[in-house]
Amino acid sequence: MVRRALILVEGHRGIGLLYVQAAQRLGLHPITLSADPARYDYLATEGIEAIRVDTDNLDALIRECSRLRATYDIAGITGFSGHDESVYATVGKLCRHFDLPGPNPESTERSCDKFNQRQLLAQAGVPIPAYRLATNAAEAESSAAEIGLPVILKPAVGSGSIGVRLCRKLDELAEHTTDLLGGKYIWRSTPKILVEEFAQGPFYSTNIMGNEVVAICANDFGPLPHFVIREVTYPALLTDEERERIADVSLSCLRAVGLGWGPTNIELRWTKRGPVVIEVNPRLGGMPDPQLVKLAYGLDLVTEHIKLVIGEEWNLRKRHSHSAAARFLLPDQDGILDWISGDTQAAAIPGVVEVKLNVEPKTPIVRKGDFRDRIGHVIATSPSLAETEGALQRAVDLIDWSITPFPAVDE
């Protein structure tokens with residue numbers, strides 16, 4: 001009997017293993033196609049079939065999938081975004097080529113370009129921050145003058161808060177523009193900077209599957225001027241009216257951009273004028289969202305997504321209603337990590353379900369101001385938010401580390 005395979009284009013350090021395990025539970029043989037399979041430790045650890053292929057090259061992917069079809073019944077194809085969402089658009093094109101269920105590649109590509117996305121949302125009347133597009137320092141400065149400081153500068157294409165910074169003064173604006181255009185940021189396409197109003201207020205994230213709002217979480221960030229998520233909590237503490245308004249605005253985003261197949265993650269801030277959309281991501285939220293949704297509601301978004309990918313009926317029924325939260329460990333300075341400890345004691349706290357450290361002693365710590373700064377995380381759950389937050393805090397308090405600053409240049 002021919003084995004049914006699930007093709008995964010690229011991997012994901014946060015949720016890639018969840019997809020591999022869910023595929024295996026569904027009786028599928030996961031195969032990862034990656035430009036560099038060694039980037040994903042779990043592939044070797046779990047003995048997952050991995051094939052090196054240029055995942056930026058659609059023709060190369062089609063050839064590889066065609067070759068695999070001689071051995072396997074390819075049940076479905078999905079994949080993961082990297083530092084931008086382009087891979088997920090490629091997945092849509094692959095699915096279309098092989099007549100398999102998948103996301104609309106045109107809609108996905110429209111979402112990948114944040115400026116294009118902003119235009120579509122604005123045309124549909126979706127509340128968004130004021131914004132401008134800049135391709136050089138002069139345009140960035142004039143855009144900031146029109147909007148009014150402070151502004152946020154970010155690459156028009158990208159994810160994980162890479163290259164995103166709040167600029168309160170003109171010298172900060174000039175400095176970050178130079179960083180983005182002067183070689184510190186790696187562009188996969190023509191450099192385009194989004195200059196946007198700093199929408200202020202609590203930050204929420206909506207998880208949607210198809211056209212159904214599954215869950216809304218609250219996000220808390222580390223210190224400005226960067227936007228590194230420090231804590232994620234399910235469910236967000238909202239009134240029924242607030243929840244309904246966020247859900248309505250989130251669903252209006254799908255209509256504006258042309259999404260509505262599979263998972264979508266929408267980020268918003270609750271401002272003085274209500275919910276304002278920050279970003280529409282045409283994919284499942286990364287780590288820890290799927291884990292927290294499963295803990296809070298008993299709903300495995302990864303498994304249900306794979307069912308959709310292979311043409312089976314999914315089930316978004318929630319089995320319970322608990323609280324679940326994750327706290328990321330963020331270093332407060334650059335330098336050499338001398339030691340990090342307390343993870344074993346933290347894991348023993350009742351309600352704590354996962355403690356993970358991402359770094360080993362003697363590792364150089366160089367903060368980038370994005371998701372790559374995380375040196376570990378703690379996840380906790382319980383029937384009540386107060387219990388969950390208490391367990392999370394007790395666990396985090398037990399974890400400590402020491403960083404020796406790098407020597408000054410003139411030493």
Visitor: Count the heavy atoms of every other residue, nucleotide or ligand shown that sit under 6.0 Å from NZ of K318, and state whether that count exceeds 12.
Guide: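 Enclosed: over 12 neighbouring heavy atoms sit under 6.0 Å from NZ of K318.
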
Visitor: Does any part of the side chain of R13, heavy atoms only, come nearer than 4.5 Å to the side chain of F371, both counted from C-beta?
Guide: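 When only atoms from C-beta onward are counted, R13 and F371 do not touch, as no gap falls below 4.5 Å.
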
Visitor: Below 4.0 angstrom, N of the basic side chain to O of the carboxylate: do E64 and R69 qualify?
Guide: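 No salt bridge links E64 with R69.
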
Visitor: Decide, yes or no, whether a salt bridge links K192 with D113 under the criterion of side-chain N to carboxylate O below 4.0 Å.
Guide: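 Between D113 and K192 there is a salt bridge, with a charged N closer than 4.0 Å to a carboxylate O.
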
Visitor: Looking only at non-hydrogen atoms, find the nearest pair between V20 and L8 and report the distance.
Guide: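 In terms of heavy atoms, the two residues are closest at CG2-CD1, 4.1 Å.
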
Visitor: Would you check if the side chain of S161 reaches a backbone N or O of F227 as a donor-acceptor pair within less than 3.5 Å?
Guide: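 A pair under 3.5 Å: yes.
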
Visitor: Atom OG in S66, atom CG in D59: separation rounded to 0.5 Å?
Guide: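 Between atom OG of S66 and atom CG of D59 there are 10.5 Å.
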
Visitor: Might you point out which heavy atoms bring W261 and H305 nearest each other, and give the distance in Å?
Guide: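 W261 and H305 have their closest heavy atoms at CZ3-NE2, 4.4 Å.
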
Visitor: Do N281 and I266 have side-chain heavy atoms sitting under 4.5 Å apart?
Guide: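 No, side chains not in contact.
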
Visitor: Below 4.5 Å, heavy atoms only, C-beta onward: do E106 and R96 meet side chain to side chain?
Guide: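 Yes, at least one pair of side-chain atoms sits under 4.5 Å.
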
Visitor: Side chains of T55 and E10: do they bring a donor and an acceptor to under 3.5 Å?
Guide: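 Yes - a donor-acceptor pair under 3.5 Å links their side chains.
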
Visitor: Mind checking whether H29 and E49 have side chains closer than 4.5 Å, heavy atoms only?
Guide: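 When only atoms from C-beta onward are counted, E49 and H29 do touch, with a gap below 4.5 Å.
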
Visitor: Under a 3.5 Å threshold, yes or no: a donor from one side chain and an acceptor from the other, between Q291 and Y234?
Guide: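 No.
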
Visitor: Mind listing the closest non-hydrogen atom pair of P127 and P275 along with its distance?
Guide: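 The answer is CG-O, 3.2 Å.
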
Visitor: Determine whether a donor-acceptor pair (N or O, by modelled atom type, separation under 3.5 Å) exists between the side chain of T264 and the backbone of P282.
Guide: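 Between the backbone of P282 and the side chain of T264 there is no qualifying donor-acceptor contact (under 3.5 Å).
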
Visitor: Just wondering, do D373 and F328 contact through their side chains at under 4.5 Å, heavy atoms?
Guide: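 Result no, sub-4.5 Å side-chain heavy-atom pair not found.
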
Visitor: So, for V91 and G79, which heavy atoms are closest and what is the spacing to 0.1 Å?
Guide: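 That closest heavy-atom pairing would be CG2-N, 3.7 Å.
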
Visitor: Nearest 0.5 Å please: distance from the CD1 atom of I208 over to the CD1 atom of I216.
Guide: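 The CD1 atom of I208 sits 8.5 Å away from the CD1 atom of I216.
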
Visitor: Is the backbone of G201 close enough, under 3.5 Å, to the side chain of R269 for a donor and an acceptor to pair up by distance?
Guide: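 Side chain of R269 to backbone of G201: a pair is present.
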
Visitor: Which distance, rounded to the nearest 0.5 Å, do you find between the CG of L153 and the CZ of F198?
Guide: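 The CG atom of L153 sits 13.5 Å away from the CZ atom of F198.
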
Visitor: Using every non-hydrogen atom in the two residues, find where I193 and T177 come nearest and quote the distance to one decimal.
Guide: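 Heavy-atom minimum between the residues: CD1-CG2, 4.1 Å.
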
Visitor: Testing L357, I340, T363 one by one against I375 for a side chain to side chain contact (heavy atoms under 4.5 Å, CB included), which residue passes?
Guide: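 Exactly one option meets the side chain to side chain contact (heavy atoms under 4.5 Å, CB included) with I375, and it is I340.
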
Visitor: Answer yes or no: is there an ion pair linking E304 with K294, defined by an N-O contact shorter than 4.0 Å?
Guide: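 Salt bridge between E304 and K294, a charged N being under 4.0 Å from a carboxylate O: no.
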
Visitor: Is the number of heavy atoms from other residues, nucleotides or ligands under 6.0 Å of E141 CD greater than 12?
Guide: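 Counting other residues, nucleotides and ligands, CD of E141 stays at 12 neighbours or fewer.
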
Visitor: What I'd like to find out is whether the side chain of P37 reaches to under 4.5 Å of the side chain of T32, using heavy atoms alone.
Guide: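 In short, these two side chains do not touch, never coming nearer than 4.5 Å.
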
Visitor: Between S107 and R110, is any side-chain donor less than 3.5 angstrom from a side-chain acceptor?
Guide: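 A donor-acceptor contact under 3.5 Å links the two side chains.
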
Visitor: Go through the steps to decide whether F203 and F221 satisfy the test ring-ring contact (aromatic ring centres under 6.0 Å, His included), and finish with yes or no.
Guide: CA-CA 9 Å; F203 193 99; F221 291 92; 4.9 Å; yes

Visitor: With distance as the sole test, does H176 use its side chain to make a donor-acceptor pair with the main-chain N or O of G163 at under 3.5 Å?
Guide: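 Yes: the side chain of H176 pairs with the backbone of G163.
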
Visitor: For S402 and D338, does a side-chain donor sit closer than 3.5 Å to a side-chain acceptor?
Guide: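 Yes, because at least one side-chain N or O of S402 sits under 3.5 Å from a partner of the opposite role on D338.
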
Visitor: Does E46 reach the main-chain N or O of L43 with its side chain, forming a donor-acceptor pair under 3.5 Å?
Guide: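 Between the backbone of L43 and the side chain of E46 there is no qualifying donor-acceptor contact (under 3.5 Å).
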
Visitor: Is R25 salt-bridged to D300, cutoff N-O under 4.0 Å?
Guide: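 Salt bridge: yes.
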
Visitor: Taking atom types as modelled and ignoring hydrogens, do the side chains of R367 and Q333 form a donor-acceptor contact shorter than 3.5 angstrom?
Guide: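 Checked: R367/Q333 side chains show no N/O donor-acceptor pair below 3.5 Å.
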
Visitor: Report the residue from K154, K114, R132, R165 that forms a salt bridge (Lys or Arg N to Asp or Glu O under 4.0 Å) with E196.
Guide: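 Result: among K154, K114, R132, R165, K154 is the only option passing the salt bridge (Lys or Arg N to Asp or Glu O under 4.0 Å) with E196.
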
Visitor: When you look at CG of D400, are more than 12 heavy atoms from neighbouring residues, nucleotides or ligands closer to it than 6.0 Å?
Guide: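 Counting other residues, nucleotides and ligands, CG of D400 exceeds 12 neighbours.
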
Visitor: Donor-acceptor pair, T233 side chain versus A236 backbone, under 3.5 Å?
Guide: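 Absent.
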
Visitor: Got a salt bridge between D370 and K368, using NZ or NE/NH1/NH2 to carboxylate O under 4.0 Å?
Guide: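 K368 and D370: not salt-bridged.
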
Visitor: State whether a side-chain donor-acceptor pair under 3.5 Å links Q117 with S111.
Guide: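 No, S111 and Q117 have no side-chain donor paired with an acceptor closer than 3.5 Å.
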
Visitor: Salt bridge or not for R243 and D240, using N-O below 4.0 Å?
Guide: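 Salt bridge present between R243 and D240.
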
Visitor: Any side-chain donor-acceptor pair under 3.5 Å between E139 and S143?
Guide: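 No donor-acceptor contact under 3.5 Å links the two side chains.
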
Visitor: Any side-chain to backbone donor/acceptor pair from R283 onto F80? Under 3.5 Å, distance only.
Guide: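 Here the side-chain-to-backbone pair does not exist.
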
Visitor: Work out which heavy atom in L284 is nearest to a heavy atom in M209; give both atom names and the distance.
Guide: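 For L284 and M209, the tightest heavy-atom pair comes out as CD1-SD, 4.5 Å.
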
Visitor: Do R327 side-chain atoms and V378 backbone N/O form a donor-acceptor pair below 3.5 Å?
Guide: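 No.
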
Visitor: Pair up each side-chain donor or acceptor in residues 310-317 with any protein partner under 3.5 Å, not counting sequence neighbours, and list the distances.
Guide:
{"unit_1": "N315", "atom_1": "OD1", "unit_2": "R317", "atom_2": "N", "d": "2.9"}

Visitor: Output yes when R230 and D220 qualify as a salt bridge under the 4.0 Å nitrogen-oxygen rule, no when they do not.
Guide: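 Salt bridge between R230 and D220, a charged N being under 4.0 Å from a carboxylate O: yes.
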
Visitor: Does S205 reach the side chain of C217, with side-chain heavy atoms less than 4.5 Å apart?
Guide: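 Yes, at least one pair of side-chain atoms sits under 4.5 Å.
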
Visitor: Taking the side chain as C-beta and beyond, is there a heavy-atom pair between Y88 and P103 under 4.5 Å?
Guide: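 They are in side-chain contact.
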
Visitor: For the ring pair H12 and Y40, is the centre-to-centre distance below 6.0 Å?
Guide: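 No.
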
Visitor: For ring-ring contact (aromatic ring centres under 6.0 Å, His included), just list the numbers for Y297 and H320, CA-CA rounded to whole Å, side-chain angles, deciding distance to a tenth of an Å, and then say yes or no.
Guide: CA-CA 5 Å; Y297 305 111; H320 57 247; 7.7 Å; no

Visitor: Kindly compute the distance separating CG (L121) from OG (S252), expressed to the nearest 0.5 Å.
Guide: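 L121 CG to S252 OG: 7.5 Å, rounded to 0.5 Å.
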
Visitor: We want to know whether T388 and S382 form a side-chain donor-acceptor pair, criterion being a heavy-atom distance below 3.5 angstrom.
Guide: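 Yes, because at least one side-chain N or O of T388 sits under 3.5 Å from a partner of the opposite role on S382.
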
